[in-house]
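Heads up, the thing below is written out as structure tokens.
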Protein chains: 2
Amino acid sequence: MQDEELANMMRALGHPVRLNILRIIAARTRDCCCADVTQCLPLAQSTVSQHIKVLLEAGLIERRSKGTRNCYVLMHEKILLFENSLGGLTGSLLETE
Amino acid sequence: MQDEELANMMRALGHPVRLNILRIIAARTRDCCCADVTQCLPLAQSTVSQHIKVLLEAGLIERRSKGTRNCYVLMHEKILLFENSLGGLTGSLLETE
DNA sequence: TGCTTATATCGTTACATGACGATGAAACGG
DNA sequence: CCGTTTCATCGTCATGTAACGATATAAGCA
């Protein structure tokens, strides 16, 4: 994964609310829509929607229209790539010990 | 690790230049000072120093004074904690599959 | 068609960030 | 001591971000 993309994903996760949103989406066994997320947070719907957009653009989640609702699911492959890139980063760091 | 701290580290790494700086520091077998880093980047010294400060405040690196120079080394423990927290995050994510 | 629901987007405000040049500070070396 | 080196910090500017309320859009339902 290129640095630019890795940095984008890092930045997307570089906000407590977005970490939270990712966990909320992950924890739902059923569909997870914007209202579900908003209900878990002390933030306005528009603010939550904005955070979701950041996660979308980072490729960490995916949108799926279901009727009038938009549901979100994790992009497992992308997250795995992310994790591996990070492992490579810290791995090479640890080699220098 | 608390979300706030995790998000701070993510944000610190959420910039290509800072990813680069971390790698530069990691790759040096000898002391790594600000000038060394600046030499590797097309940025002003003040800009590099500012980026280094972000990494410092996130606890990813540590400063050690050596004469007139300030040298930087990785905080391996913190980086390991970071990696583990992330593993926990994605791990729980993957469980939902 | 017209209403409701769910959500994205817009417009705004306050504040943070990234970049630079210039300046200040701390530790040598003469 | 005084100059040099090395680096952090300051001041500044342009741009980005986070938050909100208000509005627009798109799909379903009556």
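The chains referred to below are lettered A, B, ... by the order of the sequence lines, with proteins before strands, and numbering in each begins at 1.
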Indicate yes or no: does [X] engage [Y] in a salt bridge with an N to O separation below 4.0 Å.
{"X": "A:E5", "Y": "A:K78", "value": "yes"}
{"X": "B:D3", "Y": "A:R23", "value": "yes"}
{"X": "A:E57", "Y": "A:R11", "value": "no"}

Is any side-chain N or O of [X] closer than 4.0 Å to OP1 or OP2 of [N]?
{"X": "A:R18", "N": "D:dA18", "result": "yes"}
{"X": "B:H51", "N": "C:dT17", "result": "no"}
{"X": "A:R69", "N": "D:dG28", "result": "no"}

| said: Return whichever of B:Q50 or A:G67 has its heavy-atom-nearest nucleotide of DNA chain D closer to the 5' end. | reply: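 Here B:Q50 is the residue nearer the 5' end.
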
Hey, does [Y] have a side-chain heavy atom less than 4.5 Å from the side chain of [X]?
{"X": "A:I21", "Y": "A:I61", "answer": "no"}
{"X": "A:H15", "Y": "A:L55", "answer": "no"}
{"X": "A:L60", "Y": "A:L74", "answer": "no"}

Interatomic distance, [X] [atom1] vs [N] [atom2] [rounded to whole Å]:
{"X": "A:I61", "N": "C:dT7", "atom1": "CD1", "atom2": "C1'", "result": "13 Å"}
{"X": "B:D31", "N": "D:dC7", "atom1": "CG", "atom2": "P", "result": "11 Å"}
{"X": "A:N20", "N": "D:dA19", "atom1": "CG", "atom2": "P", "result": "12 Å"}
{"X": "B:K53", "N": "C:dA19", "atom1": "NZ", "atom2": "P", "result": "16 Å"}
{"X": "A:E4", "N": "C:dG18", "atom1": "CD", "atom2": "P", "result": "13 Å"}
{"X": "B:M10", "N": "D:dT17", "atom1": "CE", "atom2": "C1'", "result": "19 Å"}
{"X": "A:L55", "N": "D:dT17", "atom1": "CG", "atom2": "P", "result": "13 Å"}
{"X": "B:E57", "N": "D:dT9", "atom1": "CD", "atom2": "C1'", "result": "12 Å"}

| More 5' along DNA chain C: A:I52 or A:R11, using each one's nearest nucleotide? |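 Nearer the 5' end of the strand: A:I52.
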
| query | Between D:dT5, D:dA19, C:dT7, which nucleotide has the shortest distance from any of its atoms to the side chain of A:N70? | reply |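 So the side chain of A:N70 is nearest to C:dT7.
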
| said: If you take any heavy atom closer than 4.0 Å to DNA chain C, which residues from residues 39-49 of chain B end up in contact? | reply: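 Here the set is B:L43, B:A44, B:S46, B:T47.
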
| query | Any idea which heavy atoms bring A:M9 and A:A58 closest together, and the distance? | reply |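 In this case the closest contact between A:M9 and A:A58 is CG-O, 3.7 Å.
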
